[in-house]
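Every heavy atom of this structure was used, including side-chain atoms; hydrogens, water molecules and symmetry mates were not. Worth saying up front: this structure is predicted, and the values here are computed from it rather than measured. Per chain, numbering begins at 1; letters A, B, ... match sequence-line order.
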Number of protein chains: 2
Amino acid sequence: MGTVNIDNWVVQLRKGVLELCLVNLLANGEIYGYDVVKQLARVKGLVVTEGTVYPLLSRLRKAGLLTARLEESPSGPARKYYGLSSEGRQARVLMNACWGDLLKGIAELQKEREGNHG
Amino acid sequence: MGTVNIDNWVVQLRKGVLELCLVNLLANGEIYGYDVVKQLARVKGLVVTEGTVYPLLSRLRKAGLLTARLEESPSGPARKYYGLSSEGRQARVLMNACWGDLLKGIAELQKEREGNHG
DNA sequence: GGCAACTACCTTGCATTGCAAGGTACTATG
DNA sequence: CATAGTACCTTGCAATGCAAGGTAGTTGCC
């Protein structure tokens, strides 16, 4: 192997974090799927593609967290705008709280002994 | 559906975060698998079982990030102690750096508009 | 009209992986 | 022998990220 395979780890890390990012992105207002892809792709450490985002939007909409409506585009096919439902807004609050708890736990593990080896 | 299904989301969130927690736990020194289970289970927001931890330890050992050695127990079967290899220590540094980057990106998404709905 | 490029949506199929459940085995207690 | 605790591991299922491929509307070029 030679070098440490961080790439594969980062792939795994993104899992689960995506939904958190999505609901927080949508909390700023409705946006359409293709735009979600581009905006999330700009978050450092978070490389996403359409194959990830569209199924995720579908799942969360079916789960009742997102609303969706079609709107014609000035140029190109119609856009499907997604927004947070009231359930989605509740979920966002809970998710951010869970996230905060997890961060604390991880931070504790990270800080126990920074750079020694017994 | 009625209530927001946060449970399922938390399950997904844990994915990928586990390896980060593990390497930081091992950075404190060698511990054996059964003990890893108990210690990680105490991290808030991180409920893990043997079915999660043992395959993970195996994977990371095969990837060269962990060392393993058997040691007899004063009572019960032999324990397999795991520790970070030099690759594992390098990986830990990189992983913590990636984690920091991701946190920043997520924090930005979270803070854009905290609690309004206008 | 024909063709390529961009926007915008969605689905299929594969690989990974968390985890409940089940299995093996050692030690100690009764 | 039976039970309980420690300690390891594997099997099988469900979830999901993502590369790849597909459909369709608009624009611009020849």
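What separates CD of Glu71(A) from C1' of dT7(C) is a distance of 15 Å, to the nearest Å. Residue Leu66(B) contributes atom CG, which lies 14 Å from atom P of dC8(D) at whole-angstrom precision. Between the CG atom of Leu57(A) and the C1' atom of dA8(C) there is a distance of 12 Å, rounded to whole Å. The separation between Leu60(A) atom CG and dG17(D) atom P is 9 Å, rounded to whole Å. What separates CZ of Arg69(A) from C1' of dC9(C) is a distance of 16 Å, to the nearest Å. Residue Tyr34(A) contributes atom OH, which lies 16 Å from atom P of dT26(D) at whole-angstrom precision. The interatomic distance linking Lys38(A) (NZ) with dC6(C) (C1') rounds to 10 Å, in whole Å. As a whole-Å value, the separation of Glu72(A) CD from dT7(C) C1' is 15 Å.
Residue Glu72(A) qualifies as open at atom CD: its count of foreign heavy atoms under 6.0 Å is 12 or below.
Contact annotation: Arg59(A) side-chain N/O to dT16(D) OP1/OP2 distance is under 4.0 Å. Regarding contacts with the backbone of dA8(C), a side-chain N or O of Tyr32(A) is found under 4.0 angstrom from either OP1 or OP2. An OP1 or OP2 oxygen of dC10(C) is reached within less than 4.0 angstrom by a side-chain nitrogen or oxygen of Lys80(A).
In summary, of the residues considered (Arg69(A), Arg79(A), Lys80(A)), a side-chain hydrogen bond (donor to acceptor under 3.5 Å, both in side chains) with Glu30(A) occurs for Arg69(A) alone.
Salt-bridge annotation for Glu87(B) and Arg89(B): absent, with no side-chain N of the basic residue lying under 4.0 Å from a carboxylate O of the acidic one.
Below the 3.5 angstrom threshold, one finds no donor paired with an acceptor across the side chain of Glu50(B) and the base of dC19(C).
Each of Thr49(A) and Ala78(A) lies near DNA chain D, and the nucleotide nearest Thr49(A) is the one positioned closer to the 5' end.
Listed nucleotides: dC10(C), dA8(C), dA7(D). Nearest to the side chain of Arg79(A): dA8(C). Of the candidates dA8(C), dT17(C), dC19(C), the closest approach to any side-chain atom of Glu19(B) belongs to dT17(C). For Ser75(B), the listed nucleotide lying nearest its side chain is dT27(C); candidates were dT27(C), dT7(C), dC19(C). When distances are taken from the side chain of Thr52(B) to each of dT16(D), dG18(C), dG25(D), the shortest belongs to dG18(C). If you check dA8(C), dC8(D), dT26(D) against the side chain of Tyr54(B), the one that comes closest is dC8(D). With dA7(D), dC8(D), dC19(C) as the candidates, the nucleotide lying closest to the side chain of Leu18(B) is dC19(C).
Counting only heavy atoms from C-beta outward, the side chains of Cys21(A) and Ile106(B) approach each other to under 4.5 Å.
In terms of heavy-atom proximity, Leu20(A) sits nearest to Val23(A) at O-CG2, 3.3 Å.
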